[in-house]
Amino acid sequence: MTLLPTLGLYVLTALAEILGCYLPYLWLKQGHSAWLLLPAALSLALFVWLLTLHPAASGRVYAAYGGVYVTMALIWLWAVDGVRPALTDWAGVGLCLAGMALIVIGPRAE
């Protein structure tokens with residue numbers, strides 16, 4: 001799998017996880033309908049299935065996925081919650097993505 005499709009898969013995986021956690025939050029903290037738990041469960045099931053599509057060993061996938069998850073969480077914070085991330089938030093994302101890139105493209109003995 002090439003870099004762009006892999007990155008797209010990481011982004012979809014992160015969105016599925018964030019949505020699966022955000023919907024119960026709306027129910028528990030903001031008084032929305034408990035029916036939100038159904039799409040939340042489906043989203044988390046999609047998240048788990050998407051994890052199985054990643055081509056690397058599971059530990060490496062989880063480690064690299066973390067950088068994309070942090071990035072998507074800040075984008076979600078801005079786009080959905082309306083909170084603009086601080087410069088230090090973006091610096092942290094840069095560090096996470098640099099670490100993720102090192103994990104994904106670094107040499108390995110497999």
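As a basis for the values below, the full set of heavy atoms in this structure was taken, side chains included, without hydrogen atoms, waters or symmetry mates.
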Query raised in the report: Is there a side-chain contact between Leu23 and Leu37 (heavy atoms, below 4.5 Å)?
Result: no

Requested in this report: Could you tell me which non-hydrogen atom of Glu17 sits nearest to which non-hydrogen atom of Leu44, and how far apart they are?
Outcome: O-CD2, 4.0 Å

Query raised in the report: Quick one: do Leu19 and Leu77 end up in the same hydrophobic cluster if we chain Ile, Leu, Val, Met, Phe, Trp and Tyr together by side-chain heavy atoms under 4.5 Å apart?
Result: yes

**Report entry** pair Tyr10-Leu50: side-chain heavy atoms closer than 4.5 Å
**Finding:** no

Requested in this report: Ignoring hydrogens and angles, tell me if any N or O in the side chain of Ser43 forms a donor-acceptor pair with the backbone of Ala16 under 3.5 Å.
Outcome: yes

Query raised in the report: In Å and rounded to the nearest 0.5 Å, what is the CZ to CH2 distance from Arg84 to Trp78?
Result: 4.5 Å

Query raised in the report: Do Tyr22 and Leu38 sit in the same hydrophobic cluster, where Ile, Leu, Val, Met, Phe, Trp and Tyr count as joined when their side-chain heavy atoms come under 4.5 Å apart?
Result: no

Query raised in the report: So, do Leu46 and Leu42 sit near enough that their side-chain heavy atoms are less than 4.5 Å apart?
Result: no

Query raised in the report: Are Val83 and Val93 connected in a single hydrophobic cluster, I mean Ile/Leu/Val/Met/Phe/Trp/Tyr linked by side-chain heavy atoms less than 4.5 Å apart?
Result: yes

**Report entry** Closest heavy-atom pair and its distance - Val68, Met100
**Finding:** CG2-SD, 3.2 Å

Report summary line: Looking only at heavy atoms, the pair that brings Leu74 and Pro85 closest together is O-CG, 3.7 Å

Query - Pairwise distance CG(Leu26) to SG(Cys21) - rounded to 0.5 angstrom - result: 11.5 Å

Query raised in the report: Relative to the ring of Tyr65, is the ring of Phe47 parallel (under 30°), tilted (30 to 60°) or perpendicular (over 60°)?
Result: tilted

**Report entry** Distance in Å, Tyr25 OH paired with Leu36 CG, rounded so as to fall on 0.5 Å steps
**Finding:** 13.0 Å

Query - Pairwise distance CD1(Ile75) to CD1(Ile18) - rounded to 0.5 angstrom - result: 8.5 Å

Query raised in the report: Tyr69 and Val48: same hydrophobic cluster, using ILVMFWY side-chain contacts below 4.5 Å?
Result: yes

Query raised in the report: Any link between Leu15 and Val80 through a network of hydrophobic side chains (Ile, Leu, Val, Met, Phe, Trp, Tyr) touching at under 4.5 Å?
Result: yes

